[in-house]
Visitor: 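Encoded as structure tokens, here's the structure I'll be asking about.
Here, residue 1 is the first one in the sequence, and each next residue gets the next number. We use all heavy atoms of the structure for the numbers below, so side chains are in, but hydrogens, waters and symmetry mates are not.
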Amino acid sequence: MKKGLIALSPLVVFILFYLVTSIIAGDFYKIPITVAFMVSSIYAIIICGGKPLMKRIDTYSRGAATEQMMLMIWIFVLAGAFAHSAKMMGSIDATVNLTLAFLPPQMIFAGMFLAACFISLSIGTSVGTIAALTPIAAGIATETGTDVALMTAIIVGGSFFGDNLSFISDTTIMATQTQGCRLSDKFRVNAFIVVPAAMVILVVYLFMGQETQAPQQLQSVEWVKVIPYLVVLITAIFGMNVMAVLTLGILLTGIIGILTGSFDIYGWFGAMGEGILSMGELIIVTMMAGGMLELIRQQGGIDFIIRLLTRRVNSKRGAELSIATLVSLVDVCTANNTVAILTVGGIAKQIGDRYGVDNKKCASILDTFSCTVQGLIPYGAQMLIAAGLTALNPIAILPYLYYPFVLGIVALLSILFRYPRRYS
């Protein structure tokens with residue numbers, strides 16, 4: 001027990017250091033999140049006893065540079081280059097003007113939420129959806145006088161609709177593989193939980209949008225400058241790899257920007273460079289989080305959580321609750337919902353088989369709760385990239401994440417009240 005708690009203590013140090021110092025300062029922007037991760041990372045290396053210092057640092061470095069971490073970093077680099085070159089070329093302004101021209105101001109919140117839901121369902125990735133839509137959402141917020149953090153949270157929330165439900169989402173594939181059920185069966189069970197949550201939030205956004213005012217003067221739409229975003233969205237919907245999508249977007253911003261005189265080739269290079277540099281803090285946080293979480297895993301922190309939560313299960317409802325708690329806590333410790341499902345999928349299958357939990361319901365629980373937690377942790381890739389693209393602190397976005405909150409509540413109620421009945 002003591003060793004397991006010590007293994008998990010770096011997460012506690014991070015949370016307490018960041019929250020306490022921010023509360024004392026009275027401002028969550030006072031303490032850079034990078035400093036909080038640096039302090040907790042140093043602490044994690046210090047308490048990782050029984051090994052020489054260089055071995056501990058090597059373990060930390062391996063965690064910071066795993067395949068998943070490096071993939072996320074490359075996406076961040078490309079997203080930064082695309083977003084800033086699109087901004088300098090005028091693509092974001094043109095797309096914002098197009099959106100405002102077609103959507104009534106009262107429908108802006110609901111419309112952006114639906115767009116995020118549809119695109120994430122089509123491409124199966126929350127990160128790709130956030131990278132594509134966040135700059136547009138931030139521009140719309142500025143034009144309509146809406147809180148940028150609220151508009152960003154709408155995109156982040158909607159992106160998890162598809163991440164959770166899409167047939168091509170890696171979390172869906174991993175959940176069904178570990179539980180031995182078909183994608184279509186898991187989709188049917190999941191839809192009973194996800195769709196009601198999304199409908200509730202859609203109604204909330206419709207009511208919230210009633211006070212939204214249209215800009216004083218709508219500018220004319222420069223259609224040619226909308227092309228990069230249209231191409232990015234269409235190619236993403238048709239399943240192109242997110243890195244290829246962003247690369248294509250970068251090329252189009254350069255070609256169109258040079259042809260329209262928005263910048264010359266050196267201006268394009270400069271815009272890409274500035275965009276990449278703007279992702280610096282995000283990349284550093286991603287690597288430090290990966291290193292710290294690897295030390296927690298090596299010290300047995302995740303194994304401790306699994307043992308603790310599975311030793312007193314004695315009913316079907318208890319089994320489902322333990323699976324939900326298990327995947328949620330492991331996601332907190334790994335900041336990666338796919339990895340969380342992969343880590344606990346085997347033990348979840350054993351628990352489900354022992355207490356008669358339907359494997360389709362089990363897969364749905366794994367996917368839904370991992371997506372809920374992933375959508376709320378401020379050091380998750382999705383929150384970090386949204387914050388990086390809008391120059392916000394992730395904590396500023398957190399209070400407006402209505403969809404992940406409601407999704408978690410509906411998922412919990414589905415366990416407590418045995419819903420959907422057919423699969424419970």
Side-chain angles (χ1 to χ4, degrees), residues 63 66-69 71-72 120-121 123-128 159-191 193-194 197 289-290 293-294 296-297 301-310 313 319-355 357-377 379-383 404 407-408 410-412 414-415 423:
T66 61
E67 287 184 15
Q68 292 93 346
M69 289 295 169
L71 177 61
M72 294 312 306
S120 61
L121 186 64
I123 67 178
T125 167
S126 49
V127 171
S159 74
F160 278 99
F161 176 86
D163 199 330
N164 182 203
L165 206 57
S166 174
F167 279 83
I168 58 174
S169 166
D170 49 3
T171 57
T172 294
I173 293 166
M174 194 62 66
T176 52
Q177 284 183 344
T178 58
Q179 302 311 303
C181 65
R182 294 186 302 176
L183 290 167
S184 55
D185 290 336
K186 181 260 183 188
F187 177 87
R188 278 194 289 273
V189 180
N190 224 159
I193 300 169
V194 171
L293 297 171
E294 177 63 17
I296 290 172
R297 190 187 69 80
I302 292 174
D303 291 338
F304 168 73
I305 292 171
I306 292 172
R307 288 195 307 271
L308 187 67
L309 291 175
T310 56
V313 176
E320 291 184 3
L321 285 170
S322 70
I323 291 167
T325 308
L326 195 59
V327 75
S328 299
L329 289 175
V330 173
D331 192 82
V332 168
C333 294
T334 59
N336 187 309
N337 45 350
T338 306
V339 172
I341 294 170
L342 179 62
T343 302
V344 306
I347 189 69
K349 174 70 172 166
Q350 293 176 34
I351 295 170
D353 289 347
R354 184 182 303 172
Y355 294 98
V357 178
D358 190 301
N359 60 357
K360 298 180 281 293
K361 179 73 178 289
C362 193
S364 177
I365 290 170
L366 284 172
D367 199 349
T368 304
F369 278 92
S370 68
C371 284
T372 296
V373 174
Q374 187 69 21
L376 294 172
I377 52 176
Y379 51 91
Q382 292 81 357
M383 284 278 277
L407 179 62
V410 173
L412 182 60
S414 78
I415 294 175
Y423 302 101

Visitor: Looking at side-chain heavy atoms only, is the closest gap between K360 and R188 below 4.5 Å?
Guide: no
Visitor: Closest approach of A340 and V327, non-hydrogen atoms and distance?
Guide: CB-O, 3.9 Å
Visitor: Distance only, no hydrogens: is a donor on one side chain within 3.5 Å (strictly under) of an acceptor on the other, for N337 and T171?
Guide: no
Visitor: Looking only at heavy atoms, which two atoms of L366 and G345 are closest? And how far apart?
Guide: CD1-CA, 4.4 Å
Visitor: Evaluate the side-chain proximity of S166 to T172: yes if any heavy-atom separation is below 4.5 Å, no if none is.
Guide: no
Visitor: Give me the atom names and distance for the closest heavy-atom approach of Q179 to C362.
Guide: OE1-SG, 3.2 Å
Visitor: Measure the shortest side-chain to side-chain distance between L407 and V194 over non-hydrogen atoms and say whether it is less than 4.5 angstrom.
Guide: yes
Visitor: Can you list the steps and then say if F369 with I341 is a side-chain contact (heavy atoms from CB on, under 4.5 Å)?
Guide: CA-CA 10 Å; F369 278 92; I341 294 170; over 6 Å; no
Visitor: Measuring from T66:OG1 to L71:CG, what's the distance to the nearest 0.5 Å?
Guide: 9.5 Å
Visitor: The test is side-chain contact (heavy atoms from CB on, under 4.5 Å); show your working for E320 and K361 and say whether it passes.
Guide: CA-CA 9 Å; E320 291 184 3; K361 179 73 178 289; 3.3 Å; yes
Visitor: With no hydrogens and no angle check, just 3.5 Å: does a side-chain donor-acceptor pair link N336 and D331?
Guide: no
Visitor: Is it the case that the side chain of Y355 and the backbone of Q350 share a donor-acceptor pair, with hydrogens and angles ignored and the cut-off at 3.5 Å?
Guide: no
Visitor: Step by step, work out the salt bridge (Lys or Arg N to Asp or Glu O under 4.0 Å) result for D185 and R182.
Guide: CA-CA 5 Å; D185 290 336; R182 294 186 302 176; 3.2 Å; yes
Visitor: Which heavy atom of Q374 sits nearest a heavy atom of G380, and at what distance?
Guide: NE2-CA, 3.8 Å
Visitor: To the closest 0.5 Å, what do you measure between OG (S120) and CZ (F161)?
Guide: 7.0 Å
Visitor: If you round to the nearest 0.5 Å, how far is CD1 of I323 from CD1 of I415?
Guide: 8.0 Å
Visitor: Of all heavy-atom pairs between K186 and D367, which one has the smallest distance, and what is that distance?
Guide: NZ-OD2, 2.5 Å
Visitor: Evaluate side-chain contact (heavy atoms from CB on, under 4.5 Å) for I193 paired with S364, printing each intermediate quantity in order.
Guide: CA-CA 9 Å; I193 300 169; S364 177; 3.6 Å; yes
Visitor: Decide side-chain contact (heavy atoms from CB on, under 4.5 Å) for F187 and L165; before the verdict, give the C-alpha distance in whole Å, the side-chain angles of both, and the deciding distance to 0.1 Å.
Guide: CA-CA 6 Å; F187 177 87; L165 206 57; 3.6 Å; yes
Visitor: When rounded to the nearest 0.5 angstrom, what is the spacing between CG in N190 and OG in S414?
Guide: 9.5 Å
Visitor: Indicate whether any N or O donor in one side chain lies under 3.5 Å from an N or O acceptor in the other, for D163 and S169.
Guide: yes
Visitor: Once rounded to the nearest 0.5 Å, what's the spacing between atom OG1 of T368 and atom CD1 of I365?
Guide: 8.0 Å
Visitor: Is it true that the side chains of K349 and T178 contain a donor and an acceptor less than 3.5 Å apart?
Guide: no
Visitor: What are the two closest heavy atoms between G375 and P404, and how far apart are they?
Guide: O-CG, 4.2 Å
Visitor: Report the distance from atom OG1 of T372 to atom CD1 of I377, rounding to the nearest 0.5 Å.
Guide: 11.5 Å
